[in-house]
Amino acid sequence: MSIAKTYSPGEAEEKWYSYWLKHNFFRSVPDDREPYTIVIPPPNVTGVLHMGHMLNNTIQDVLIRRARMKGKNACWVPGTDHASIATEAKVVAMLKERGINKKDLSREEFLSYAWEWKEKYGGIILEQLKKLGASCDWERTKFTMDEDMSESVIDYFVHLHKKGWIYRGVRMVNWDPQGKTAVSDEEVIRKEVNQKLYYIKYEVASDGEQGASAERTSHHAPNTKEYLTIATTRPETIMADAAICINPNDERYLHLHGKSVFIPLINREIPVILDNYVTMDFGTGCLKVTPAHDLNDYELGQRHKLPVIDILNDDATLNEKAQILVGEDRFTARKKIAVLLEEAGALEKTEDYTSQIGFSERTNAVIEPKLSMQWFCKMPELAKPALEYVLNGEVKLIPEKFINTYRHWMENVRDWNISRQLWWGQQIPAYYLPNGDFVVAKTKEEALTQAQAIDSKLTLNDLRQDEDVLDTWFSSGLWPMSVFDGVRNPDNAEINYYYPTNDLVTAPEILFFWVARMIMSGHELRAQKPFTNVYLTGIVRDKLGRKMSKSLGNSPDPLDLINKYGADGVRVGMLLCSPAGNDLMFDESYCEQGRNFANKIWNAFKLIKGWEIDDTIAPKNQIAIEWFQSRFNQALVEIEDNFAQYRLSEALMATYKLVWDDFCAWYLEMVKPAYQQGVDKQKIDAETYKATVNFFEDVLKVLHPYMPFLSEELWHDELFGTRAELDCCIVAQMPTIGKINTQLVAEIEVVQQVIAQVRNIRNSNQLSPKEALPLAVKTNSAINYQAYESVIKQLGNISELSKVDDAVNGANSFIAGTDEFFVKLDIEIDVAAETERLEKERDYLIGFLKSVNAKLNNERFMANAKPEIIDNELKKRADAEARLKIVEDNLRGLAG
RNA sequence: GGGAGUUUAGCUCAGCUGGUUCAGAGCAUCUGCCUUACAAGCAGAGGGUCACUGGUUCGAACCCAGUAACUCCCA
């Protein structure tokens with residue numbers, strides 16, 4: 001029988017994923033076991049898998065698989081969110097391709113197209129997660145617009161409204177003219193943009209001219225008049241100006257106090273107002289105030305009771321209130337008005353200028369500040385307890401540095417605009433009466449009952465439901481509860497069992513967006529936290545540190561990576577470079593390392609698989625077996641500790657080294673039967689064989705959370721005997737920490753040094769590894785090298801290990817621990833080189849001793865340092881002195 | 001402009017309460033090996049003024065102050 005030289009992951013991935021599914025290993029239902037629950041951060045239903053998802057879901061899968069193997073009832077709930085704006089944009093695009101305009105559709109018609117789109121494309125990302133090995137309970141797959149999920153959202157809205165925490169009001173919102181909806185502050189991405197600053201002249205009205213604007217024309221000779229100049233990046237909004245504002249302390253403009261000016265081109269007269277808000281040294285010190293199109297101007301306008309003139313349509317074209325350029329897009333209008341102003345002699349100059357501009361996260365359109373009637377959710381009452389959970393440690397943020405950010409947000413929180421002018425989402429359950437009043441109720445029927453209390457003659461037909469839908473985060477904020485139906489049925493068995501969930505794995509970017517809102521709703525509806533630990537991952541960047549993005553084209557396709565390196569390889573690759581909470585500089589070479597690791601394990605398997613048992617051989621590897629047992633347990637301690645601190649990448653590295661170094665490079669080399677001429681099968685004693693197979697099985701278990709496919713594939717090999725159908729690595733019990741023989745481990749460490757030194761001597765003397773060498777030991781320590789003779793002989797290729805009482809002249813020497821070793825070669829040793837090497841070591845030791853002695857002779861050190869520190873220094877001195885003596889003896893030997 | 005964070009080997013990162021022969025790991029590099037599991041490998045080796053300047057201390061990568069560079073959040 002021949003086994004492939006390398007592991008080929010594709011087939012195993014297919015096979016075992018469907019095997020796991022078939023046997024319901026991902027399924028979780030409440031039982032007597034302790035639950036371990038993770039709800040997936042629901043990816044956007046329009047999304048396709050990107051590297052961020054890969055990282056995030058690999059981490060979740062590692063956590064959930066580990067919990068499963070530790071005997072917990074592990075439940076990972078998958079799903080997607082409906083992403084109003086993004087989905088609606090996709091649907092609009094789909095309709096456009098079919099020649100349908102959204103405007104021509106009713107709400108119901110549009111929604112049926114949207115559902116059609118969702119059914120067709122909405123599940124892609126979840127299918128992709130399966131390729132990664134994600135062990136979600138797919139039967140629990142949820143979508144934020146499922147009927148029960150939407151009902152939960154409406155319930156929550158009604159609940160908050162009853163408490164008086166939801167209100168309606170005109171506010172300046174971030175308007176996305178492409179999506180034609182308001183978006184929240186968090187959905188606005190600010191970027192530096194190169195712009196122009198336009199200096200525009202406004203004619204100052206002479207005293208007699210007040211109110212005479214109607215007769216004015218634009219044909220005045222400019223020089224005979226007085227002007228003031230403003231600087232603006234948005235000349236197309238001058239028609240919406242309500243005033244010019246100057247700082248009352250600005251001495252340059254004292255003469256303007258109480259005057260008014262004319263807006264160029266349209267010659268509307270506006271007052272000059274005074275406010276300290278204006279920065280004197282920015283631009284010209286004169287600020288055009290446009291309350292309808294700038295948040296700060298709006299507030300300024302409120303203070304000075306200025307009119308609000310909105311000159312923009314919902315799609316950011318100019319409306320008839322602009323008087324000129326009606327119907328033009330705002331950016332076209334900007335270009336055109338610059339020309340018009342120039343022609344009218346009102347444009348003094350333009351300057352280059354960079355400033356922060358807001359872009360819609362979803363459509364990338366430039367955000368337009370816009371006044372509109374919106375629904376808001378009051379935040380202070382919700383935020384306060386939500387902050388407490390984190391500050392008192394009930395909810396832990398990992399890493400802790402995010403607590404500061406979280407606190408800062410929660411203490412400066414503003415009311416949340418929860419309405420979106422879209423159709424795709426949960427329609428706001430507010431019903432308007434013909435007289436303009438409204439009632440809020442779960443259903444139209446309930447609304448009618450309430451409405452009839454106001455006007456008993458009303459019928460269902462008189463009620464009109466609010467057109468807007470709720471922000472998607474309003475529904476995902478309920479996610480950990482609503483997936484278990486905990487909003488509608490707060491006392492059901494599932495929510496009581498699974499909630500609060502254990503770990504949440506997400507990105508710091510949505511700490512406030514989402515994490516905070518889940519904590520708020522959890523507290524509000526259940527007085528409970530939604531989860532205990534929030535593990536915040538970093539952003540996946542390329543190796544140049546740039547964020548991965550479609551436009552840069554610097555993001556590999558995760559599925560290509562899986563094809564290339566195997567899912568296990570990619571999982572390992574992702575985690576090797578992902579410190580908690582820090583961004584990770586991803587590079588494909590990490591996946592390569594992961595693939596190589598998989599291959600290493602595969603080959604260890606091949607080796608063991610090739611052995612044949614010979615009962616007549618006496619067991620001879622007790623030391624190796626006990627040593628690895630101890631090392632394995634030491635590694636388990638380390639891995640446990642790393643997991644307890646969510647240091648997944650370090651736990652992985654500990655596993656990596658355990659397998660590669662301790663198991664493959666040392667243990668297998670210790671026990672593997674030496675090559676025998678003319679013997680085609682390697683034979684091994686039964687005891688060693690059995691121990692090795694058991695070790696390998698334990699190694700597979702430890703590997704499983706990271707490398708589920710490879711471990712499952714090997715688990716079922718006949719090497720481990722016949723397995724029952726349900727005896728799978730995925731549900732195997734994780735090994736528990738056993739005995740550690742620390743003395744043995746310490747002594748083997750010295751033995752390892754001896755072997756490395758012998759190899760080094762062989763290497764530096766250019767001797768073949770095949771050439772066996774004699775080794776002599778002069779023991780100063782308590783180590784019984786006789787016990788390790790076979791190990792040393794096998795791994796160091798030593799012909800004979802002898803004990804000596806004196807240094808061996810003319811031999812290469814080295815020190816391991818405090819013992820001296822000599823390798824006598826056939827060739828003459830290079831006395832000069834050897835002398836130099838020893839002198840170097842001697843000098844180092846002398847220097848080292850000096851520094852140790854400096855401490856020990858320092859009264860203050862002796863007085864202040866803890867006793868164990870002093871003991872340590874004494875031990876260091878003793879060790880160094882012993883080594884120094886050996887080195888000096890050897891030097892004398894060389895000289896003599 | 002306000003706040004937070006980062007800076008340790010060529011790269012990515014550990015380094016816990018200041019104290020072990022403490023300056024570490026993985027990758028990459030160099031040298032030698034196609035040794036009967038594995039060249040996707042084996043063996044060995046070389047890489048660092050712990051960003052900079054000062055301070056505290058018997059003792060500083062670690063604590064404090066300042067400086068510089070970068071990153072993120074908020075305005």
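These numbers come from a predicted model, not from an experiment.
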Provide the distance between the two C1' atoms, one in G18(B) and one in C50(B), to the nearest whole Å.
->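 Straight-line distance between the two C1' atoms is 15 Å.
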Could you give the distance separating U17(B) and U12(B) at their C1' atoms, to the nearest angstrom?
->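 Per the computed distance, 28 Å lies between those C1' atoms.
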Rounding to a whole Å, what distance do you find between [X]:[atom1] and [N]:[atom2]?
| X | N | atom1 | atom2 | answer |
| --- | --- | --- | --- | --- |
| I870(A) | G19(B) | CD1 | P | 15 Å |
| R860(A) | G59(B) | CZ | C1' | 11 Å |
| K606(A) | U36(B) | NZ | C1' | 10 Å |
| Y7(A) | A37(B) | OH | P | 22 Å |
| L652(A) | C27(B) | CG | P | 12 Å |
| F696(A) | C38(B) | CZ | C1' | 12 Å |
| I601(A) | A40(B) | CD1 | P | 17 Å |
| L575(A) | G26(B) | CG | C1' | 14 Å |

By the 4.0 Å heavy-atom rule, please label [X] as base, sugar-phosphate, or nothing.
| X | result |
| --- | --- |
| N858(A) | sugar-phosphate |
| W602(A) | nothing |
| Y656(A) | sugar-phosphate |
| R414(A) | sugar-phosphate |
| R762(A) | nothing |
| A756(A) | sugar-phosphate |
| K5(A) | sugar-phosphate |
| R759(A) | sugar-phosphate |
| N797(A) | nothing |
| N760(A) | sugar-phosphate |

Identify whether NZ of Lys or CZ of Arg in R517(A) sits under 6.0 Å from the centre of the six-membered ring of W416(A) and within 45° of that ring's axis.
->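 Yes, a cation-pi geometry.
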Look at the side chain of K855(A) and the base of C58(B), then say whether one donor and one acceptor between them are separated by less than 3.5 Å.
->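 Such a pair does not exist between side chain and base.
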Any donor-acceptor N/O pair under 3.5 Å between A37(B) base and E669(A) side chain =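 Per atom types, the contact qualifies.
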Would you please classify the geometry between the [Y] ring and the [X] ring as parallel, tilted or perpendicular, with 30° and 60° separating the classes?
| X | Y | answer |
| --- | --- | --- |
| Y667(A) | F628(A) | tilted |
| F814(A) | F821(A) | parallel |
| W660(A) | F597(A) | parallel |

Map W660(A) and L845(A) onto RNA chain B by nearest heavy atom, then report which one ends up closer to the 5' terminus.
->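 That would be L845(A).
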Upstream residue (5' side of RNA chain B) when N864(A) and D661(A) are each assigned their closest nucleotide =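 The residue mapped nearer the 5' terminus is D661(A).
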Residue Q743(A) excluded, over 12 heavy atoms near CD under 6.0 Å |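 Result for CD/Q743(A): open.
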Crowding at CD, E881(A) (>12 non-hydrogen neighbours, <6.0 Å) |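 Count over threshold, so yes.
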Given Watson-Crick or G-U pairs with both distances under 3.5 Å, what dot-bracket string fits RNA chain B, with | for other-strand pairs and [ ] for crossing?
-> (((((((..((((.....[....)))).(((((.......))))).....(((((..]....)))))))))))).
F605(A) ring center within less than 6.0 Å of W602(A) ring center |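 Close enough - the centres of the two rings lie under 6.0 Å apart.
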Among E588(A), R595(A), E592(A), R571(A), the one residue meeting side-chain hydrogen bond (donor to acceptor under 3.5 Å, both in side chains) with Y565(A) =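 Filter result, single survivor: E588(A).
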Would you say K672(A) reaches A37(B)'s phosphate, i.e. side-chain N/O to OP1/OP2 under 4.0 Å?
->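 The answer is yes; a side-chain N or O of K672(A) sits under 4.0 Å from OP1 or OP2.
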Going by an N to O cut-off under 4.0 Å, is there a salt bridge joining D871(A) and K875(A)?
->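 A salt bridge is absent here (no side-chain N lies under 4.0 Å from a carboxylate O).
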